[in-house]
Amino acid sequence: MTVRTPFSRRALLAGAAGALAVPAIRPAFAQGSGPIKVGVLHSLSGTMAISETALRDTVLMMVEDQNRKGGILGRKLEAVVVDPASNWPLFAEKARELLQVHKVDVTFGCWTSVSRKSVLPVFEELNGLLFYPVQYEGEEQSKNVFYTGAAPNQQAIPAVEYLMSEDGGGAKRIVLLGTDYVYPRTTNRILRAFLNKKGIADADIMEEYTPFGHSDWQGIVSRVKQFADQGKKTAIVSTINGDANVPFYRELGNQGIKAEDIPCVAFSVGEEELAGIDTKPLVGHLAAWNYFMSVESPVNTEFKKMWGSYIKNDKRVTNDPMEATYTGFKMWAQAVAQAKTTAVDAVRTAMYGQKVDAPSGYTEQMWENHHLSKPVMIGEIQADGQFSIVYKTPQAIKAENWSPYIPENASRAKAG
Amino acid sequence: MSRLLRLLPLLLLLAGPLRAQEGFETAAAGLSGGFAAQVEAVDRLGALGDPRALPILRALSEGRLQKTPEGVLVIGGQDALTGAPAATASLETVRINNRVRGALRGAFGRLELASFSVAERISAAGGLFRARSPDNIAMLEDALGRESDAAARTAMEQALAASRLAAPEAAVKRQGILLLGGTGSPEARSLLLEARAANPDLAAEIDAAVSAIDGRLQLRRAAETAFQGLSLGSVLLLAALGLAVTFGVMGIINMAHGEMVMLGAYTTVVVQGLLRGTPLAPWALPLSVPAAFLVAAAVGVALERTLIRHLYGRPLETLLMTFGVGMILQQAVRLIFGAQNQEVTSPAWMQGIVTLPGGVEVTQNRLWIILFALLVLAVTVAAIRFTRFGLEMRAVVQNRRIASTMGIRTGRVDAMTFAFGSGIAGMAGVALSQIDNVSPNLGTGYIIDSFMVVVFGGVGSLAGTMIGAFTLGLVNKMLEPWAGAVLAKIAVLVGIMLFIQRRPKGLFALKGRAAEQ
Amino acid sequence: MSGSSLYLDGVSVVFDGFRALNNLSLIIEPGELRAIIGPNGAGKTTMMDIVTGKTRPTTGVVRFGEHDLTRMDEAAIANLGIGRKFQKPTVFDALTVFENLELALKAPRDPWSCLRWVLGAQSRRRIEGVMEEIGLAERARDRAAILSHGQRQWLEIGMLLMQEPQLLLVDEPVAGMTDQETEHTAALLRRIAGQRSVVVVEHDLEFVRALGEKVTVLCEGTVLSEGSIDHVQNDPRVIEVYLGR
Amino acid sequence: MSATTTLAPPPRLQSALVLRGLLLAGLAILALLPLLNRLPVDSVLHVSDFIVAVTGKWICYGVLALAIDLAWGYAGILSLGHGAFFALGGYAMGMHLMRLIGPRGVYGNPVLPDFMVFLGYAELPWTWWGFSSFPFALLMALLVPGLLAGVVGYLAFRSRITGVYLSIITQAMTYALMLAFFRNDMGFGGNNGFTDFKELLGMPLNSGGTRAMLFYAALAVLGLSLLLCRHITQSKLGRVLVAVRDAESRLRFLGYNTTHVKLSVFVLSAMLAGLAGALYVPLVGIINPGEFSPGNSIEAVIWVAVGGRGTLVGALLGAFSVNALKTWLTSFAPDLWLFVLGGLFVAVTLFLPRGLVGLMSRGPGR
């Protein structure tokens with residue numbers, strides 16, 4: 001295990017080892033020959049493999065596709081895949097390895113917030129570039145990360161507005177169910193502030209958290225039923241994560257909670273999660289995303305075709321984080337082409353204002369707050385495991401990564 | 001023909017003015033509009049009571065209704081209203097949302113109240129209960145007069161009560177309140193509370209009715225909590241039973257036990273896949289049980305013969321080794337089947353709710369799993385008590401040398417015992433596939449709980465395993481409402497740790513000389 | 001060393017309804033060598049467990065001098081000066097003969113003292129002396145694991161000697177020994193007694209005869225007969241339950 | 001009963017010399033790494049930052065392995081909860097590092113860490129008092145694991161819970177702690193744990209110089225732990241530990257209070273593990289409840305088994321080799337590494353009961 005490789009300039013500058021360094025005279029795009037390296041930092045084993053392997057496949061598909069088109073700047077792309085194994089410190093180690101040993105030009109990776117938080121200092125120290133494709137709690141903005149998933153205002157708030165609208169059933173009582181980690185906690189804090197502002201009292205809000213991978217939902221679902229029996233239209237807002245969703249939805253179906261009575265809108269349940277469930281009892285429950293596989297747009301048709309022929313399994317679906325990966329990749333490729341280099345600082349500048357026609361059917365733009373403008377869509381679960389889109393915003397919405405509903409952000413200058 | 005006769009009184013009752021025909025067509029046209037227009041159309045169709053609406057509304061609710069760009073409704077290539085062949089090009093499925101679905105439920109209620117099928121009449125009454133419109137009172141009273149089925153009568157009475165509650169006249173409302181108070185259902189409670197705000201003059205009556213319901217609900221909720229505890233206990237029992245054999249009887253710490261459970265769940269997926277489209281498809285789940293037993297047992301035999309037999313008497317080494325085996329099995333499944341969740345469909349008889357006497361509602365699948373767990377326990381006990389294999393197994397456990405001198409092939413018995421324990425784990429996997437994710441990580445979630453159950457119940461005692469599992473399940477569920485799911489679980493874990501140090505051999509300890517070894 | 005006497009009075013032990021000891025009373029005087037015989041299941045080993053604190057009596061009095069043994073744990077009882085040799089020789093296989101004896105040497109037993117322990121010249125001489133006595137001087141640097149069965153028995157007796165006990169409980173010391181080894185062991189035990197009390201549990205009547213001291217016969221958890229070997233061999237009750245049939 | 005496995009005697013003399021040489025050479029190479037890192041990039045001997053960072057992590061794992069070996073390899077106490085002690089030590093240090101962020105956090109709150117701000121804490125919970133002081137945090141990194149080990153150990157050893165039962169109880173302990181620390185209401189950052197540390201003892205954490213310092217600190221701790229463990233195992237206490245492992249009840253009848261012996265070594269081992277965790281956190285920059293997961297503890301035990309339990313060199317060898325293999329394989333064969341690692345664990349328990357060290361010194365024995 002002695003990978004002795006020549007030192008890159010940026011790592012050298014970053015490290016204090018630079019004190020002894022030879023003057024750094026090599027231009028920024030010195031590694032301008034050879035393939036462009038694309039790091040893939042998604043868990044292939046452990047608890048998160050279930051969600052993240054599809055993103056690894058998406059990046060590999062995009063790399064293959066780009067190479068078929070002749071690469072970028074006349075250089076081929078080469079993917080470097082590592083397995084951080086759902087182990088957060090290992091994420092940091094692998095990030096360092098990608099940047100220092102493999103010297104990747106860009107990295108696509110992470111799913112959970114904690115994995116992103118774990119690698120963030122590494123990317124900042126070594127001035128790397130990370131594309132993060134999953135919806136998250138916001139309250140962050142790093143110059144080394146481009147966030148291509150939704151911020152809370154691009155998902156949670158429109159979804160709750162919909163639930164309270166006439167079309168959504170006019171909910172007056174809200175159950176906030178979540179897995180006990182930072183994304184649900186933050187999202188629910190924002191939602192509570194929002195609901196209070198809309199005139200829903202704290203007594204009409206039930207908030208409950210469960211551990212990761214929670215599998216016995218009997219008690220909670222029956223408590224939700226009790227909460228709903230108070231004579232006001234009740235709806236569930238679920239930020240339940242990953243594995244826990246299948247047993248949750250099974251319990252929901254089995255306890256006979258119909259979407260017409262108590263609709264449940266989820267922020268972490270997409271086509272991929274539904275693939276493990278018989279959705280017939282769940283028809284009508286909702287999800288809020290920025291993309292559904294059922295979107296009808298030429299780009300989406302193309303995207304689905306590309307995925308189908310890459311993965312060679314007609315049962316595999318596309319979902320929102322995959323779309324965010326696709327969009328992020330396209331944007332990065334455009335930015336590199338525009339900057340005519342893969343150097344991080346130049347690419348970063350080129351990223352701002354970059355536009356891509358996304359599979360969502362909208363033109364999404366990268367803003368200087370490192371977040372995309374995205375449309376918000378509400379879908380109802382169908383018997384075939386797909387979503388029927390019952391609502392979408394007329395245009396893409398700009399991200400508010402610093403939520404105005406968190407009082408501590410009030411003092412923050414309304415940064416663009 | 002008789003159906004028509006049956007519908008006749010209803011038709012007479014509902015038959016509106018002569019313009020009904022025209023009203024039907026204009027109302028139906030609204031179905032191709034936006035969600036709001038759809039709701040209105042569905043309501044009108046329900047109010048009209050024209051039986052022709054039924055197939056159209058069914059098609060709408062099941063996603064079979066299509067429309068042409070001009071808004072002509074089409075079902076299966078035919079014009080929905082006229083039945084004439086329709087254009088097949090550029091058809092678009094008519095989409096609905098929850099509001100439309102709610103309206104449909106009310107419309108179905110009106111249209112199906114006179115149906116032949118008892119189930120449909122009950123569901124119709126349920127729809128009317130939720131629709132709670134005073135318009136339905138007359139219809140319900142009439143239907144009730146003809147109804148002979150007890151369950152359907154109850155449902156209709158409830159629906160009638162709810163409809164009366166919505167009536168403008170206070171006297172009718174009072175009737176409704178009394179009736180609702182007598183049902184004891186949480187839905188009725190919800191309706192009453194909703195009505196309370198709108199009818200301050202009836203507050204006293206409503207409060208009385210609500211508290212009557214609350215009294216009955218309290219008992220029901222206690223019963224339901226107990227059921228949840230039993231259900232969790234049955235899951236723990238299933239997961240732990242195989243371990244009770246391999247660990248309790250053989251002293252092997254099988255950290256790959258969870259993976260055996262996982263293999264059982266994947267066997268279910270494979271069996272379902274193989275049988276899909278064959279006449280046997282509805283039997284896929286029962287057939288998975290022996291299949292899962294065999295698969296897990298076969299892996300168990302292979303494991304025992306190649307690896308574990310070298311480590312007898314060194315339980316801690318088996319722990320480390322089987323941890324490695326678990327890693328390999330998990331990754332193998334991940335590479336073969338993919339990391340994603342696999343879909344397992346539940347047969348119809350395992351879905352939904354059963355109402356037990358006293359109005360206690362329990363979920364079907366959990367009920368089946370409790371029964372299944374007890375069945376597996378019975379089979380295990382029977383296999384150990386009453387079969388030749390069980391006899392040999394007990395002999396080998398008690399005294400290996402003497403057993404071997406008596407002609408028992410101890411190696412074979414070891415292999416079979418381990419296979420047996422693994423097979424039980426596989427069967428547990430079939431049950432767990434019904435309530436949990438079928439993913440490569442399935443087993444990891446159960447391994448520690450299983451060990452805790454076995455140790456708590458007393459190693460080597462199946463009765464202890466059973467009582468241990470149900471005790472832990474019940475305690476956990478009783479703590480959960482006020483401590484939350486996580487704290488309840490932590491409390492149970494700490495409780496077990498303290499218990500073990502008071503009684504190191506568990507609930508049902510083997511005593512005397514044999515336990516000293 | 002004036003010595004204390006071991007005093008058991010009305011001791012009963014019940015396991016799951018089975019009476020392993022039934023109202024057993026016994027006195028061992030300082031310096032006495034006592035043989036205890038009895039058929040299988042007579043409660044010999046349980047009696048030793050009671051004395052050494054491994055098992056608690058259900059009822060009855062167990063005293064050593066003025067100490068109430070029922071309230072003390074094994075280590076405390078051992079430190080009181082009661083040593084025990086198991087039926088199956090148990091020595092520390094991974095340690096050498098010398099190290100085994102060093103562990104048994106009378107010295108502070110708490111972890112901190114063990115950490116700071118330095119083997120003095122006097123202690124070394126004592127260990128060497130015992131090694132001579134048990135005939136293992138040649139094998140000081142050998143691991144206990146490679147000793148023969150008899151040598152392990154002696155090593156264990158040697159470890160007891162290092163403890164300088166006032167009372168020694170020896171469970172079937174000659175099981176599986178050759179005749180020569182048996183003789184050697186009897187001589188060893190006789191030599192030990194006198195300075196301290198020794199209780200020997202044995203099946204081998206020849207060996208008991210060779211010890212030539214007072215014999216107690218246990219049966220079904222209680223004392224059946226007591227006296228010289230000739231006395232008990234002629235006791236009809238003993239003949240019935242043990243020798244005869 | 002179960003602890004008395006048929007372990008062959010540890011190799012002595014000639015093989016011991018080889019091992020000691022190996023150990024010293026290994027430590028020397030480790031000590032050189034940060035220096036080699038400062039060589040010009042073009043130099044053949046240059047070592048990348050990544051190697052230094054990763055090795056620093058392994059050194060912490062090495063200390064953890066020593067702690068486990070002391071309890072398991074010598075005293076026969078197989079704890080499957082040492083990851084918990086490691087994590088508690090890490091949390092203590094993490095809390096200190098969080099306090100040092102001060103107003104540099106996202107919300108600029110001088111007292112409360114970011115996660116407390118957005119969870120709406122009004123003031124610092126009492127559990128956090130004192131952690132702004134480095135000596136206090138370091139003390140807690142030792143005391144908290146030690147205290148936990150003391151309580152759990154006292155309860156278990158007093159009731160003569162040994163072997164498999166002890167392993168299962170310690171596993172339940174770490175599992176319960178994991179669940180507890182995942183709870184955001186505990187006030188320890190929930191699932192995210194602590195990240196985004198800025199400085200330690202006035203030095204910025206993201207500088208190579210600080211990393212080199214931390215590396216040497218870890219190495220020094222490793223060296224001192226090694227000396228401490230060596231001192232213990234070579235004293236009479238070491239022989240008492242081996243005696244506890246092989247025939248505990250015999251030792252009790254010799255007058256040793258084995259409960260005290262086991263408790264002391266268990267507590268000491270837990271404190272060492274806590275110290276390892278405290279070193280680990282500033283090196284990897286994150287601590288979260290995942291460290292409590294039972295799998296982590298088992299893996300750490302397996303390092304020791306792979307290297308060779310009952311020898312201190314073996315513990316270190318195992319920790320370094322397994323982790324090096326893991327680091328390499330998760331990049332080289334991301335889909336297959338679990339097969340290799342799992343296969344290694346199986347092979348070692350089956351064919352190398354004395355671990356890699358046993359392989360090197362095929363002395364007499366079995």
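- Only the side chain of Arg189(A) comes within less than 4.5 Å of a heavy atom in chain D; its backbone stays farther off.
- Both the backbone and the side chain of Thr330(D) come within less than 4.5 Å of a heavy atom of chain A.
- Against chain A, the residues from residues 285-297 of chain D that qualify, each with a non-hydrogen atom under 4.5 angstrom away, are Ile286(D), Asn288(D), Glu291(D) in number order.
- Within the 4.5 angstrom heavy-atom criterion, only side-chain atoms of Leu44(A), from C-beta onward, approach chain D.
- In this structure, Phe332(D) and Trp328(D) have parallel ring planes: the angle between them is below the 30° cut-off, well short of the 60° mark.
- Taking the six-membered ring for Trp and thresholds of 30 and 60 degrees, Phe181(D) and Tyr91(D) have ring planes inclined between 30 and 60 degrees apart.
- The contact between Val117(D) and chain A is made by backbone and side chain atoms together, counting heavy-atom distances below 4.5 Å.
- The candidate from Asp196(D), Val284(D), Asp335(D) with the greatest count of non-hydrogen atom pairs under 4.5 Å with chain A is Asp335(D).
- Remark: Arg116(A) is positioned above the aromatic ring of Tyr132(A), its terminal NZ or CZ atom under 6.0 angstrom from the ring centre and at most 45 degrees off the axis.
- No side-chain N or O of Ser48(D) forms a donor-acceptor pair with one of Gln100(A) less than 3.5 Å apart.
- In summary, the aromatic rings of Tyr61(D) and Tyr280(D) are positioned with their centroids under 6.0 Å apart.
- For Glu93(A) and Thr327(D), the side-chain atoms include at least one donor-acceptor pair closer than 3.5 Å.
- Centroid-to-centroid, the aromatic rings of His214(A) and Tyr209(A) stay 6.0 Å apart or farther.
- Using a 4.0 Å cut-off between charged nitrogen and carboxylate oxygen, Lys103(A) and Glu97(A) do not count as a salt-bridge pair.
- Using modelled atom types, one finds a donor on one side chain and an acceptor on the other under 3.5 Å when comparing Thr210(D) with Ser207(D).
- Checking Glu139(A) against Ser403(A) by side-chain atom types alone, no donor-acceptor pair falls below 3.5 Å.
- Aromatic ring centres of Tyr183(A) and Tyr136(A) lie farther apart than the 6.0 Å criterion allows.
- Annotation: residues 183-190 of chain D contacts chain A through Arg183(D), Asn184(D), Asp185(D) [non-hydrogen atoms, separation under 4.5 Å].
- Taking the six-membered ring for Trp and the full ring otherwise, His371(A) and Tyr147(A) have centroids separated by under 6.0 Å.
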